[in-house]
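Take a look at the structure below.
Because the structure is a prediction, the values reported are computed rather than measured.
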Amino acid sequence: MSNIDNYKKILLSTFCISILVSAWCIYSDATINGDALIYLNSAELYANGEWTKGLQAWNWPLFPFLISIISNVTSLSAEYSAYVLNTLLWAVVALGFIMLTREMGGTLWHWVAAAIIILVYIKINDYRDYIIRDTGYIAFYLLGFLYFLKFKHSDTWLKALAWSFFMMLAALFRSEGFIFLLLVPLVLLIDRNQDIGQRIRMFVKANTLLAALSIVAVIIIFLTGISVEKLDVSRKLAIIFHTYGAEFTNKIELVNKYLLNKYSEHYGWLVVFFTIVIILLYKSITTIGTLYGVLAFHGVFTKAYNPKKTKRDIWLWFIAINIIIMLIFASMKFFLTGRYVLAMVLTIMLIVPFSLVKIFNRWKNRKTDSSIIQKYALPAIIFLMITMLVDGLISFGPSKLYIKEAGLWIKNNTRADTTLYSTDNAINYYAGKKYIYPVLADPSAAVVRYDYIAIRVKRKNPELRKTIIKRMKKVPIKVFSNDRGDSVLLFKSVS
């Protein structure tokens, strides 16, 4: 059997297994995450033909728009349409990782290793039951990365257009994609293996689609009579940069005032900068995980991955752009979540299949080498991977099913015209009510405005339950809880 046939079989098998893993994760814990409510609200409006309202509900429309299309075509609810979409996108992420491994110089065993690595990766399996736009961004980011590598190798118009197309799709899920569109082609200008004319030609070719669409946009603006002053792009960009600068300066001033003394108050910017770097390092390390982190370091220091210079430069340039984006975001918000750094981590993880195969090859020669590490490294890695897979497929954390149960109970046991206020909008969603409400400082105040009040109480605050009952001046008519002590208290306004 040829390598091409093996490659296709690996891709097909990975696609099918990824679909099954996502289906299991959704089945195991199909309670929507908080972000999902905004996308579902927008998708339902699109599905009903209310385009303006859908755009107002969420102004980055591709993700909810695709959900609405699946909903209209299949007659599934917006929630399950979103699960279908994300399931397909996670499968694309897995395929993209394998295809990039091949493009980076991997052979048969590297493809197999890449498939195993991505399928058992706990961070992805943790997010498979989430309804998030990050999945689309990461999927098309990887494909954009793939076709940029192909373009650099073949210098064809098809590859040039494909890289821009996929990265534009990524940008329609998350705005970070536009930064890659603008910055990635710059790496073509520093390739010393080509003369300056070749560099400029490839740079122009890589930007052709973006330039063409920009020209089309200008023509549309001109023909439709849209006022450039109304768009006011320069003013909006100025506001963004001013806001970023003001937030960064404000953090420095707070550090100078409350943390440093008069002898060190001029070092506030250093404290803030290194805090941001530490936030990024910590979140990157926890996201890649101990096993894959160690394998990545092993791959670097043993030169398990030793590609051509041009491919290595592009790989490092993608990592560098990711770092820049994450540093800017962290400096504004002072936090990062795992899914924000996932694209960067997956880019770094492209070295892991090469590291794993090198360890495998050394293990095969264990009879001629008495090294303990050489004999037991691979079995230990396999054991840790199995542990990771089990942890990703079987949730050992607190169940959120009680939130869904509370909402469904309200939907099935109250009139359709009853009003509901809850401290968790997911409850409203499952109850079939309007599910994006303002947060009240004191939920007991909702008694005078709503028929039912559902208050979520987390186990970390056990005294809150007594306080709520005291303020409500009545006992809940129903309590929904998990085995860890998290609960939803349901009150009825009038007896």
Side-chain angles (χ1 to χ4, degrees), residues 1-23 25 86-125 127-128 134-154 159 162-163 166-167 169-170 287-289 291-292 295-296 299 304-308 311-312 314-315 318-319 322 342-361 381-382 385 388-389 392:
M1 187 178 293
S2 68
N3 268 349
I4 294 296
D5 291 335
N6 286 326
Y7 178 63
K8 290 178 179 178
K9 284 188 175 183
I10 291 169
L11 291 180
L12 179 60
S13 301
T14 302
F15 182 86
C16 294
I17 294 171
S18 180
I19 296 291
L20 292 173
V21 172
S22 290
C25 292
N86 267 16
T87 295
L88 293 173
L89 289 173
W90 280 126
V92 173
V93 169
L95 298 186
F97 188 78
I98 298 169
M99 289 188 286
L100 273 167
T101 301
R102 181 183 187 227
E103 191 63 28
M104 299 287 274
T107 54
L108 176 60
W109 282 110
H110 296 109
W111 310 336
V112 173
I116 295 170
I117 286 163
I118 200 70
L119 288 172
V120 305
Y121 183 34
I122 191 168
K123 282 298 178 182
I124 284 182
N125 291 338
Y127 287 127
R128 284 182 184 272
D134 307 73
T135 317
Y137 167 68
I138 296 168
F140 292 113
Y141 160 85
L142 292 177
L143 292 179
F145 183 11
L146 171 70
Y147 277 92
F148 190 83
L149 286 169
K150 287 178 176 291
F151 165 65
K152 184 65 181 72
H153 176 70
S154 63
K159 302 298 192 300
W163 114 261
F166 285 123
M167 198 57 77
L169 286 179
T287 300
I288 196 171
L291 176 60
Y292 290 170
L295 288 174
Y305 174 59
N306 191 24
K308 293 180 180 178
K311 290 185 177 181
R312 185 192 65 206
I314 292 171
W315 177 58
F318 268 83
I319 293 172
N322 272 295
L342 194 51
M344 180 183 71
V345 166
L346 287 175
T347 306
I348 295 170
M349 277 174 52
L350 287 170
I351 200 172
V352 175
F354 297 89
S355 174
L356 188 57
V357 170
K358 184 164 188 174
I359 292 171
F360 172 69
N361 288 333
I381 290 169
I382 293 172
M385 281 187 163
M388 190 188 303
L389 178 63

Check: CG of N361 to CG of L356: how many Å apart, nearest 0.5 Å?
Finding: 10.0 Å
Check: Rounded to the nearest 0.5 Å, how far does CE of M167 lie from CG of L142?
Finding: 8.5 Å
Next item on the list: Starting at OG of S13, measure out to NZ of K8 and round the result to the nearest 0.5 Å.
Entry: 14.0 Å
Note to self: Can you tell me how far apart CG (L346) and CD1 (I118) are? Round to the nearest 0.5 Å.
What the structure shows: 5.0 Å
Notebook entry, point to check: Which distance, rounded to the nearest 0.5 Å, do you find between the CE of M388 and the NZ of K123?
Noted result: 11.0 Å
Check: Should the ring pair F140 and F166 be called parallel, tilted or perpendicular, given that the plane angle runs from 0 to 90° and is split at 30 and 60?
Finding: parallel
Note to self: Has K311 got a side-chain atom pairing as donor or acceptor with E103's backbone, closer than 3.5 angstrom?
What the structure shows: yes
Margin query: Between S22 and S18 (side chain of the first, backbone of the second, donor and acceptor by atom type, cut-off under 3.5 Å), is there such a pair?
Written below: yes
Check: Is any side-chain heavy atom of V352 less than 4.5 Å from a side-chain heavy atom of L291?
Finding: no
Next item on the list: Please examine the side chains of L143 and M99, heavy atoms only from C-beta on, and report whether any two atoms are closer than 4.5 Å.
Entry: yes
Note to self: Is the shortest side-chain heavy-atom distance between N6 and V112 below 4.5 Å?
What the structure shows: no
Checklist line | Atom of L89, atom of A139 and distance for their closest heavy-atom approach | finding: O-CB, 3.8 Å
Next item on the list: Look only at the side chain of W111 and the backbone of G106, and say whether a donor-acceptor pair between them is shorter than 3.5 Å.
Entry: yes
Notebook entry, point to check: Side chains of F318 and L149: does their closest heavy-atom pair fall under 4.5 Å?
Noted result: no
Item checked: I116 CD1 to I382 CD1 distance, which is reported to the nearest 0.5 Å -> 8.5 Å
Next item on the list: Without swapping roles, check the side chain of N125 against the backbone of L119 for a donor-acceptor pair under 3.5 Å.
Entry: yes
Check: Do the rings of Y305 and F354 sit parallel, tilted or perpendicular, given the 30° and 60° boundaries?
Finding: tilted
Next item on the list: Grab the two heavy atoms, one from Y147 and one from A162, that are nearest each other, plus how far apart they are.
Entry: CD2-CB, 3.6 Å
Item checked: Close side-chain approach of I138 and Y127, heavy atoms under 4.5 Å -> no
Next item on the list: For the pair Y292 (side chain) and I117 (backbone), establish whether a donor and an acceptor sit closer than 3.5 Å, ignoring hydrogens and angles.
Entry: yes
Next item on the list: Side-chain contact test, heavy atoms from C-beta onward, threshold under 4.5 Å: evaluate it for I10 versus L108 and give yes or no.
Entry: yes
Note to self: Treating W90 as the side-chain partner and I19 as the backbone partner, does any N or O pair qualify as donor plus acceptor under 3.5 Å?
What the structure shows: no
Check: Is there side-chain contact between I381 and F360, with heavy atoms separated by less than 4.5 Å?
Finding: no
Item checked: Heavy-atom pair with the smallest gap, counting every atom of L11 and L95 -> O-CD2, 3.2 Å
Next item on the list: Measure across I288 and A296 and return the closest heavy-atom pair with its distance rounded to 0.1 Å.
Entry: CD1-CB, 4.5 Å
Checklist line | Side chain to side chain, I124 and L342, heavy atoms closer than 4.5 Å | finding: yes
Check: Pick one: which of Y141, W315, W163 meets ring-ring contact (aromatic ring centres under 6.0 Å, His included) with F148?
Finding: W163
Notebook entry, point to check: Does the pair L12 and K9 meet the rule for a side chain to side chain contact (heavy atoms under 4.5 Å, CB included), with working shown?
Noted result: CA-CA 5 Å; L12 179 60; K9 284 188 175 183; 5.8 Å; no
